[in-house]
Amino acid sequence: SPQLLDGQDLPLPPVILGELGKDPQNPTICFYGHVDVQPAKKEDGWNTDPYTLTEINGMFIFIRNLYGRGATDNKGPVLAWINAVETFRALKLAMPVNFKFVIEGMEEAGSLGLEKLLEEESQCFFSDVDYIVISDNLWLSNKKPALTYGSRGNACFFVEVK
């Protein structure tokens with residue numbers, strides 16, 4: 001646990017581990033994301049309160065833009081995976097993979113405590129993980145997301161997107 005200057009220990013927020021599906025015929029994919037953010041003030045250039053998710057209509061009636069601290073780094077991508085699972089369930093479609101989720105709240109401070117949890121759960125929660133998807137990454141521009149195929153030198157693989 002991190003300590004304050006007076007020596008008081010601060011408890012770390014819990015890491016959320018979730019799973020859905022245990023079909024041995026399907027690969028198991030572990031999705032990583034975080035929900036903490038860097039500090040922000042309105043005077044940093046925000047048109048709205050950075051900590052209040054604000055919907056502002058886009059150019060067309062069917063386009064809605066959401067503004068708020070963490071909307072892209074990394075709450076939006078975390079929610080996208082959860083929405084994907086929700087859509088499969090709502091449509092009563094068979095899941096093509098088994099899902100595991102790791103959602104933490106200390107990434108912006110260096111993921112304090114995450115390494116210890118990963119080691120503790122390596123033979124249990126993570127024992128059947130075939131692939132890991134890190135949804136915390138950059139966009140090449142406002143209109144082009146990036147597909148990163150290796151991160152921090154930990155995993156490299158080839159992906160063909162059509």
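The structure displayed is predicted, hence computed values, not measured ones.
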Please walk me through it: do Asn47 and Ile56 pass side-chain contact (heavy atoms from CB on, under 4.5 Å)?
-> CA-CA 11 Å; Asn47 293 326; Ile56 300 173; 6.0 Å; no
Distance (rounded to the nearest 0.5 Å) between Cys30 SG and Asn98 CG | 12.0 Å
Are Ile29 and Met95 grouped together when hydrophobic residues (ILVMFWY) are joined by side-chain heavy atoms under 4.5 angstrom apart?
-> yes
Quick one: CG on Leu114 to CD on Glu119, what's the gap to the nearest 0.5 Å?
-> 10.0 Å
Single-linkage hydrophobic cluster Val37~Val78, side-chain heavy atoms < 4.5 angstrom | no
Does some side-chain heavy atom of Leu53 sit less than 4.5 Å from a side-chain heavy atom of Lys75?
-> no
State, with a plain yes or no, whether a side-chain heavy atom of Ile16 is found less than 4.5 Å away from one of Val35.
-> no
Pairs touching residues 116-137 that satisfy ring pair (Phe, Tyr, Trp, His ring centres under 6.0 Å), sequence neighbours left out = none
Indicate, with yes or no, if Leu10 and Met106 share a hydrophobic cluster defined by side-chain heavy-atom contacts under 4.5 Å among Ile, Leu, Val, Met, Phe, Trp and Tyr.
-> no
Going from CG on Leu118 to CG on Leu17, what distance comes out if it is rounded to the nearest 0.5 angstrom?
-> 8.5 Å
To the nearest 0.5 Å, how far apart are CG in Leu79 and CG in Leu66?
-> 9.5 Å
Asp136 (side chain) donor-acceptor with His34 (main chain) under 3.5 angstrom = no
Which residues pass the side chain to side chain contact (heavy atoms under 4.5 Å, CB included) test with Ser122, sequence neighbours left out?
-> none
Taking only residues two or more places apart in sequence or in another chain, which ones pass salt bridge (charged side-chain N to carboxylate O under 4.0 Å, His left out) with Lys42?
-> none
Smallest heavy-atom separation, Asp36 atom then Glu104 atom, equals OD1-O, 4.1 Å
Distance in Å, Phe101 CZ paired with Glu19 CD, rounded so as to fall on 0.5 Å steps = 11.0 Å
For the pair Thr28 (side chain) and Phe99 (backbone), establish whether a donor and an acceptor sit closer than 3.5 Å, ignoring hydrogens and angles.
-> no
Which residues pass the side-chain hydrogen bond (donor to acceptor under 3.5 Å, both in side chains) test with Asp23, sequence neighbours left out?
-> none
Test salt bridge (charged side-chain N to carboxylate O under 4.0 Å, His left out) applied to Lys41 - qualifying residues, sequence neighbours left out = none
Least distance between heavy atoms, Asn74 atom then Pro77 atom = O-CD, 3.3 Å
Side chains of Val102 and Val15: does their closest heavy-atom pair fall under 4.5 Å?
-> yes
In one Ile/Leu/Val/Met/Phe/Trp/Tyr side-chain cluster, 4.5 Å: Ile103, Ile132 = no
Using the ring pair (Phe, Tyr, Trp, His ring centres under 6.0 Å) rule, collect all pairs that involve residues 71-90, keeping only residues at least two apart or in two chains.
-> Phe31-Trp81
Heavy-atom pair with the smallest gap, counting every atom of Trp46 and Ala40 = NE1-CB, 3.8 Å
Atom pair CG (Asp73) and CD (Gln38), whose distance is rounded to the nearest 0.5 Å = 8.0 Å
Closest non-hydrogen contact found for Ser135 with Gly33 is OG-CA, 4.2 Å
